[in-house]
Amino acid sequence: MEPFALSQKLEDLAVEVHKASSQYPKSEKYGIAKETDLCVIRAAAYVAKANKVKNYREKRECIDRADDELAVLKIMLRLGNRLKYISDGRYGVIAGLVVEAGKMIGGWIKSSTLKG
């Protein structure tokens, strides 16, 4: 698993999520929109930390937390789509990026389980 590729994927995802959340109504600026943005940022932060730590248990905890953040992000994105804050087209693009990042994290989890 190439950590840089995952970091880049999460940055691309963060850009797309921010573009989408900036279109949410003003009343959601500090609610759903902010939480949606923060989910992907926290996922990227956990990946960055996992790349730095040497301890297996701490690394695995960071990877798992990044995976958890992506799970919450999926919920937030579905909510944004159902509330018609995110168009179906944009939702499809973002969902595809989430799936790709999720597969990369899943692969990292699998490979770290084999090593640990």
Side-chain angles (χ1 to χ4, degrees):
M1 205 295 300
E2 179 64 38
F4 178 75
L6 176 56
S7 294
Q8 186 62 53
K9 184 65 63 183
L10 289 171
E11 285 181 28
D12 295 344
L13 178 59
V15 168
E16 291 303 317
V17 166
H18 184 71
K19 286 178 185 177
S21 67
S22 67
Q23 300 299 310
Y24 284 26
K26 199 174 198 178
S27 62
E28 295 296 350
K29 182 176 181 180
Y30 296 107
I32 296 170
K34 183 176 182 177
E35 184 59 31
T36 303
D37 280 340
L38 287 175
C39 283
V40 69
I41 291 168
R42 285 190 298 256
Y46 284 126
V47 166
K49 185 175 179 184
N51 282 325
K52 288 186 161 220
V53 298
K54 302 292 184 215
N55 179 283
Y56 167 78
R57 185 173 285 143
E58 192 175 352
K59 183 180 288 283
R60 179 60 192 263
E61 186 176 312
C62 290
I63 298 167
D64 287 340
R65 286 187 178 184
D67 193 43
D68 293 344
E69 289 296 336
L70 279 187
V72 174
L73 178 63
K74 289 177 187 178
I75 294 167
M76 300 305 291
L77 291 170
R78 282 194 304 267
L79 182 59
N81 182 251
R82 289 183 66 193
L83 292 169
K84 304 297 183 202
Y85 299 158
I86 302 175
S87 70
D88 290 341
R90 177 163 273 169
Y91 175 77
V93 168
I94 294 171
L97 290 171
V98 172
V99 167
E100 289 177 38
K103 286 180 180 179
M104 294 170 92
I105 289 173
W108 197 2
I109 289 170
K110 187 175 181 179
S111 72
S112 71
T113 302
L114 297 175
K115 292 177 187 173

What salt bridge (Lys or Arg N to Asp or Glu O under 4.0 Å) pairs are there with at least one residue in [range], not counting sequence neighbours?
| range | value |
| --- | --- |
| residues 22-40 | E35-R42 |
| residues 45-56 | K49-E58 |
| residues 4-21 | K9-E100, E16-K19 |

Checklist outcome for this item: One should read off an interatomic distance between D68 CG and C39 SG, to the nearest 0.5 angstrom, of 10.5 Å

Next on the checklist: Measuring from atom CD1 of I94 to atom CD1 of I86, what distance do you get when rounded to the nearest 0.5 angstrom?
Outcome noted: 5.0 Å

Checklist outcome for this item: Hits for ring pair (Phe, Tyr, Trp, His ring centres under 6.0 Å) against Y91, two or more places apart or cross-chain, chain-then-number order -> none

Checklist entry - Who are the ring pair (Phe, Tyr, Trp, His ring centres under 6.0 Å) partners of Y24, not counting sequence neighbours? => result Y85

Side chain to side chain contact (heavy atoms under 4.5 Å, CB included) with [X]: which residues, sequence neighbours excluded?
| X | result |
| --- | --- |
| A14 | V40 |
| D64 | R60, I109 |
| I75 | R78 |
| V99 | K103 |

Which heavy atom of [X] sits nearest a heavy atom of [Y], and at what distance?
| X | Y | answer |
| --- | --- | --- |
| A33 | S21 | CB-O, 3.7 Å |
| L10 | A44 | CD1-CA, 3.7 Å |
| A66 | A43 | CB-O, 3.7 Å |

Next on the checklist: I'd like to check the side chain to side chain donor-acceptor pair (under 3.5 Å) partners of D88; sequence neighbours left out, ordered by chain and number.
Outcome noted: N81

Item to check | N51 side-chain N/O to V47 backbone N/O, donor-acceptor pair under 3.5 Å | outcome: yes

Find out if a path of hydrophobic residues (ILVMFWY) with successive side-chain heavy-atom gaps under 4.5 Å connects [X] to [Y].
| X | Y | value |
| --- | --- | --- |
| L97 | L6 | yes |
| M104 | I41 | yes |
| V93 | L77 | no |
| V72 | L13 | yes |

Checklist entry - Going through the checks in order, is the salt bridge (Lys or Arg N to Asp or Glu O under 4.0 Å) test met by E69 and R65? => result CA-CA 6 Å; E69 289 296 336; R65 286 187 178 184; over 6 Å; no

Checklist entry - Applying ring-ring contact (aromatic ring centres under 6.0 Å, His included), which residue pairs with at least one partner in residues 58-84 are found, sequence neighbours left out? => result none

Item to check | Working for side chain to side chain contact (heavy atoms under 4.5 Å, CB included), residues M76 and I32 | outcome: CA-CA 7 Å; M76 300 305 291; I32 296 170; 3.9 Å; yes

